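Throughout, numbering of the chain's residues begins at 1 and tracks the sequence. What you are looking at is a predicted structure, and each value in this text was computed from that prediction instead of being measured.
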Amino acid sequence: VALDDCPGPAVVRRRRLCSTLAGNDCDLLTITNFLTRDPAAVRKRAGVVLTARVHPGESNASFMMRGCIEFLCSQDPRAIKLRDHF
């Protein structure tokens, strides 16, 4: 996913979660509204976990995950509302 198209650290943060058995990095993306006056409020928000390509043969899940990430990082009013609450 081209994270360069996302609004930046105000919306998405990326870090290495772990390594796969093949030695590939498995990233953790946190998508939320980080621009809040109360940083503790961000930590108190409920979270949603999305995973893809957990098992062999699930390559189509990459397209689903790409669409989810692109939507959540977009300026769509529904995506903004989700980022404000999760």
Side-chain angles (χ1 to χ4, degrees):
V1 172
L3 292 178
D4 298 333
D5 298 336
C6 289
V11 170
V12 63
R13 295 191 182 161
R14 181 180 187 169
R15 68 180 177 98
R16 185 177 159 270
L17 176 65
C18 61
S19 294
T20 66
L21 293 176
N24 300 318
D25 286 344
C26 182
D27 292 336
L28 170 67
L29 300 179
T30 303
I31 302 172
T32 190
N33 178 6
F34 289 103
L35 296 179
T36 181
R37 293 178 189 226
D38 182 12
V42 173
R43 288 188 291 275
K44 291 180 183 177
R45 291 180 188 158
V48 177
V49 176
L50 302 175
T51 64
R53 297 195 67 164
V54 176
H55 302 98
E58 294 179 346
S59 56
N60 289 340
S62 293
F63 298 106
M64 181 277 310
M65 185 60 70
R66 180 184 183 113
C68 288
I69 293 169
E70 287 176 353
F71 171 74
L72 291 171
C73 291
S74 74
Q75 293 304 309
D76 185 291
R78 297 169 296 177
I80 292 169
K81 189 168 188 168
L82 286 169
R83 291 194 307 262
D84 287 343
H85 290 88
F86 292 93

- Query: If we only count heavy atoms from C-beta on, is the R66 to I69 side-chain gap below 4.5 Å?
  - Reply: no

- If two hydrophobic side chains count as joined below 4.5 Å and joins carry through other members, does F34 share a cluster with I31? no

- Task: Identify which one of N33, T36, T30, L35 satisfies the side chain to side chain contact (heavy atoms under 4.5 Å, CB included) criterion when paired with V42.
- Result: T36

- Message: Looking at R16, I want to see if its CZ is surrounded by more than 12 non-hydrogen atoms of other residues, nucleotides or ligands under 6.0 Å.
- Response: yes

- Query: Short question: side chain of D25, backbone of D27 - any donor-acceptor pair under 3.5 Å?
  - Reply: no

- When rounded to the nearest 0.5 Å, the distance separating SG of C18 from CG of N24 is 10.5 Å

- L17 with V12, same ILVMFWY side-chain cluster at under 4.5 Å: no

- List the atom of E58, the atom of R53, and the distance in Å for their closest heavy-atom pair. O-CG, 3.3 Å

- Determine the minimum heavy-atom distance between C26 and T20, stating which atoms define it. CB-CG2, 4.5 Å

- Could you tell me which non-hydrogen atom of H85 sits nearest to which non-hydrogen atom of K81, and how far apart they are? ND1-O, 2.8 Å

- Shared hydrophobic cluster for F71 and L29 (ILVMFWY, side-chain gaps under 4.5 Å): yes

- Query: Of all heavy-atom pairs between R45 and R83, which one has the smallest distance, and what is that distance?
  - Reply: NH1-O, 3.4 Å

- Under 3.5 Å, side chain of R13 to main-chain N/O of T32, donor-acceptor pair present? no

- Message: Let me check something: do V54 and L28 share a hydrophobic cluster, defined by ILVMFWY side-chain heavy atoms less than 4.5 Å apart, either directly or through other members?
- Response: no

